[in-house]
There are 2 protein chains.
Amino acid sequence: MPVAVSVGEMDLRCATCPVHHHAVCQALGGLYLHELAGIMTHRHFEAGTEIVHQGETSNLFGIIASGVVKLTRLLPDGRQHIVCLLSETDCIGDVFSAESHDNAMCVTDVELCCFHRKQFDEIVKSHPTLGHHLLQRVTVDLEEARQWLTALGRKKAVEKVAMFIVWMWNEEHEHCLHAPRRVNDMMLHFPFSREEIADFLGLTLETVSRCIGKLDVDRVITLLNAKCIEIRDLDRLRQIAESDI
Amino acid sequence: MPVAVSVGEMDLRCATCPVHHHAVCQALGGLYLHELAGIMTHRHFEAGTEIVHQGETSNLFGIIASGVVKLTRLLPDGRQHIVCLLSETDCIGDVFSAESHDNAMCVTDVELCCFHRKQFDEIVKSHPTLGHHLLQRVTVDLEEARQWLTALGRKKAVEKVAMFIVWMWNEEHEHCLHAPRRVNDMMLHFPFSREEIADFLGLTLETVSRCIGKLDVDRVITLLNAKCIEIRDLDRLRQIAESDI
DNA sequence: CCAGTACGTTGATATAGGTCAAGAAGACAG
DNA sequence: CTGTCTTCTTGACCTATATCAACGTACTGG
């Protein structure tokens, strides 16, 4: 389901909906460019929808205003892997290449600020600060990818799952800083299914389930229900995640 | 072994040694900035030397003129993982953050063009084209990291090893385009030990050895000696690497 | 309230790859 | 050439995780 964004299609709601401006602004490091508003459209996607298809040519460059998106890759025999999980203010699509390396699928309902790749790139080219900021973002993404690389390459199942929980908790808190909630809350409600966690960590859903079970039994977390846990011992959880005995 | 690069320390050989200028020029997408020559020094590192240490603060930003560097991460209990293998024209160090996330170790002897992180960043800031080019490079690195992520998460040992061989072969050919050698040559001499390959692919050296053995028996490659193979059936090798039965 | 469906848990069993150990093959110094 | 060191290969065995299967639980629509 490719998303074509024509220039004339500018959605007037953008001008009146602070959510989208806020997301774009955050994504660009507090920098707000009026030119971008002019070429931005915004779209809603329901959970489970595919935004971009692997291998497909798409001119979409999007910034997530709300919701969670997974980037997945499918091997010829059906094995699947999630290479990245994106949320508020994260970017979908490559400024340089139109060919998408991965499927972008909505984990939850998603609000997306859409730009035409080339138009966005033009603006980037003419705004050094913006380019510099994007460089910083991609650098952070690369660092995060490398962190997961070591996890997938060298960590045990429980360590991976612990790492995933810590990571989710950090993500929550990061967004809390933007839109403060109860910061000390150890409750974590996550939108991912066991299978999604497994596909992200290179495990099977059964193993993920067992590992969460083990962390619960060991009193590191409390499993309130399938999609909601409470962190009981954050330090211990971090130690497990870092393979720090 | 942190590398301090003072402004006055400019190595005059830089002006006379085309290798270094060539590497920098390639790294920056054919763009050559005279300002960079002014702040560049070059250094030689022997195989096995550590250029930057994990967790250490270093102001080095380097471009590899020749040789191979591995970026490794060490877990508290000694498990190790190689997150990236770098060669000619690749960059070491982060423009933004002084703290290094990984060890940079020389796999072979290395010639490095060194810059002071902040000085380099200043020049990047004032040259939009350069910033844009770096963004493109990091984007490619991110894409490559994600490719390995799926490999580590979902591929079998033989598939990983096949992928590694194909990747090495591509790397060779990429560099051939710069300094043309026998392009049709199916011979591949690689500088990595079995342990390094294993640490990169999230396997053990024994498994790597067995997988190479299997590819040899299956007549996909010929193992000439421990560090030299001949690719017999590139298509088949690619199929295995892509998990394409 | 019930049937149907999707998702999660738990148990039994299989297996890919890890671990341990012994040789073989180079590389290098004397 | 010979002994020492390192790296690679090969074999035997073991374990973490995958696989297969059964059962629970929790929404959903009638």
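Reminder, nothing fancy here: chain letters follow the sequence lines and each chain counts from 1.
- Atom P of nucleotide D:dT9 and atom CG of B:Asp216 are separated by 10 Å, given to the nearest angstrom.
- Residue-to-nucleotide proximity on DNA chain C shows that, of B:Cys211 and A:Arg194, the 5′-proximal contact is made by A:Arg194.
- Using a 4.0 Å cut-off, some side-chain N or O of B:Thr207 falls inside it from OP1 or OP2 of C:dG18.
- The side chain of A:Leu205 has C:dT9 as its nearest neighbour among C:dG18, D:dT19, C:dT9.
- Atom CG of A:Asn225 and atom P of C:dT9 are 10 Å apart (whole Å).
- Side-chain N/O atoms of A:Glu206 and base N/O atoms of D:dC20 include a donor-acceptor pair closer than 3.5 Å.
- Rounded to an integer number of Å, the gap from CD1 of A:Ile212 to C1' of C:dC7 is 13 Å.
- The closest donor-acceptor contact from the side chain of A:Glu50 to the backbone of A:Asn103 lies at 3.5 Å or more, if one exists at all.
- Atom CD of A:Glu196 and atom P of C:dA6 are 15 Å apart (whole Å).
- Looking at heavy-atom distances under 4.0 Å, B:Ser193 makes contact with sugar-phosphate atoms alone, never a base.
- In this structure, B:Lys160 contributes its side chain and B:Leu201 its backbone to a donor-acceptor pair below 3.5 Å.
- Nucleic acid contact for A:Leu223: sugar-phosphate only, since backbone atoms but no base atoms lie under 4.0 Å from a heavy atom of the residue.
- Within 4.0 Å (heavy atoms only), B:Lys160 reaches no atom of the nucleic acid at all.
- No salt bridge links A:Asp141 with A:Arg137; every basic N to acidic carboxylate O contact stays at or beyond 4.0 Å.
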Worked check of ring pair (Phe, Tyr, Trp, His ring centres under 6.0 Å) between B:Phe192 and B:Phe164: CA-CA 11 Å; B:Phe192 309 107; B:Phe164 187 74; 5.7 Å; yes
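- A donor-acceptor pair is defined here as one N or O able to donate and one able to accept, closer than 3.5 Å; no such pair exists between the side chain of A:Ser58 and the backbone of A:Val52.
- Among C:dT19, C:dG8, C:dG11, the nucleotide with an atom closest to any side-chain atom of A:Arg210 is C:dG11.
- Between B:Lys227 atom NZ and C:dA25 atom P there is a gap of 18 Å when expressed in whole angstrom units.
- Contact annotation: A:Ser209 does not reach the phosphate of C:dG8 (side-chain N/O to OP1 or OP2, under 4.0 Å).
- Rounded to whole angstrom, the span from the CZ atom of A:Phe192 across to the C1' atom of C:dG8 amounts to 17 Å.
- Atom CD of B:Glu195 is separated from atom P of C:dG18 by 13 Å (rounded to the nearest Å).
- Look at CG on A:Leu201: it is 15 Å from C1' on D:dA18, rounded to the nearest Å.
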